[in-house]
Amino acid sequence: DAMVIQNPRYQVTQFGKPVTLSCSQTLNHNVMYWYQQKSSQAPKLLFHYYDKDFNNEADTPDNFQSRRPNTSFCFLDIRSPGLGDAAMYLCATSRATSGNQHEQYFGPGTRLTVT
Amino acid sequence: DQQVKQNSPSLSVQEGRISILNCDYTNSMFDYFLWYKKYPAEGPTFLISISSIKDKNEDGRFTVFLNKSAKHLSLHIVPSQPGDSAVYFCAASDSGGYQKVTFGTGTKLQVIP
């Protein structure tokens, strides 16, 4: 089945130790997103790729970086995780065509713990 | 500034009755609205959507109503089933070519058998 896969599902890292979260998709969608979601809050968009074009949200901290080496994969790098970065990180994809371009397909998320 | 608001964090409904989940928005540029459903340990899944040119969209047991003048939309589930117990997120976007969707904080629905 076509899907969005996130690895690992649970990640524990130490304060200040770089960590990378990964996302892959078999949907062949040209747009990929990274969201941060903290408890009882709305998913917050960090950035998205439209094909190879990177779009950063204005309030996304510099501590967060992203890479998209090809259509299928996208990575979230947190250079120096702080305790406030503990959250669920959701990857999503969408197909940038007319009609249902707003519909996004989500992975199961990676729960990041910072110790 | 929360542009999409779901003011009810939780809702309990008896099985077989109607569930009504509400959502308000402040950005008048929003012209497309979506509802997502999220089970524990899973990502949100798309449920139903509505364009601003419509005031109602129906898909089986799920109906979304849009009141543009009030900047309000609602999701009706009838009849409610225990498997509908989940967190429901309201989301909105504008069709300015940008793929960005703004989410609400979610409403946790519990359907009691």
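Convention: sequence-line order gives letters A, B, ...; per-chain numbering from 1.
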Q.
Please classify the contact between A/Q37 and chain B as side chain, backbone, both or neither, with a heavy-atom cut-off of under 4.5 Å.
A. side chain
Q: Under the side-chain contact (heavy atoms from CB on, under 4.5 Å) rule, what do B/Q2 and A/Q41 come out as? Steps first, then yes or no, please.
A: CA-CA 10 Å; B/Q2 192 71 22; A/Q41 296 184 20; over 6 Å; no
Q: Can you measure from CG (A/L90) to CD (B/E42) and round to the nearest 0.5 angstrom?
A: 12.0 Å
(Q) How close do B/Y36 and A/Q104 get, counting heavy atoms only, and between which atoms? (A) OH-N, 2.8 Å
Q. Among the clusters formed by ILVMFWY side chains lying less than 4.5 Å apart, do A/Y89 and A/F75 turn up in the same one?
A. no
Q. Measuring heavy-atom distances to chain A, does B/K108 have an atom under 4.5 Å in its side chain, in its backbone, in both, or in neither?
A. neither
**Q.** Under 4.5 Å from any heavy atom of chain B - which part of A/R111
**A.** neither
Q) What are the two closest heavy atoms between B/L34 and A/E103, and how far apart are they? A) CD2-CA, 4.0 Å
Q | Neighbour count >12 (heavy atoms, 6.0 Å) for atom CG, A/D62 | A | no
Q. Is the count of non-hydrogen atoms from other residues, nucleotides or ligands lying under 6.0 Å from B/R17 atom CZ greater than 12?
A. no
Q. Is the centre of the A/F106 ring less than 6.0 Å from the centre of the B/F46 ring?
A. no
Q | Residue B/K54 excluded, over 12 heavy atoms near NZ under 6.0 Å | A | no
Q: For residues A/P43 and B/G104, report the shortest heavy-atom separation together with the two atoms involved.
A: CD-O, 4.0 Å
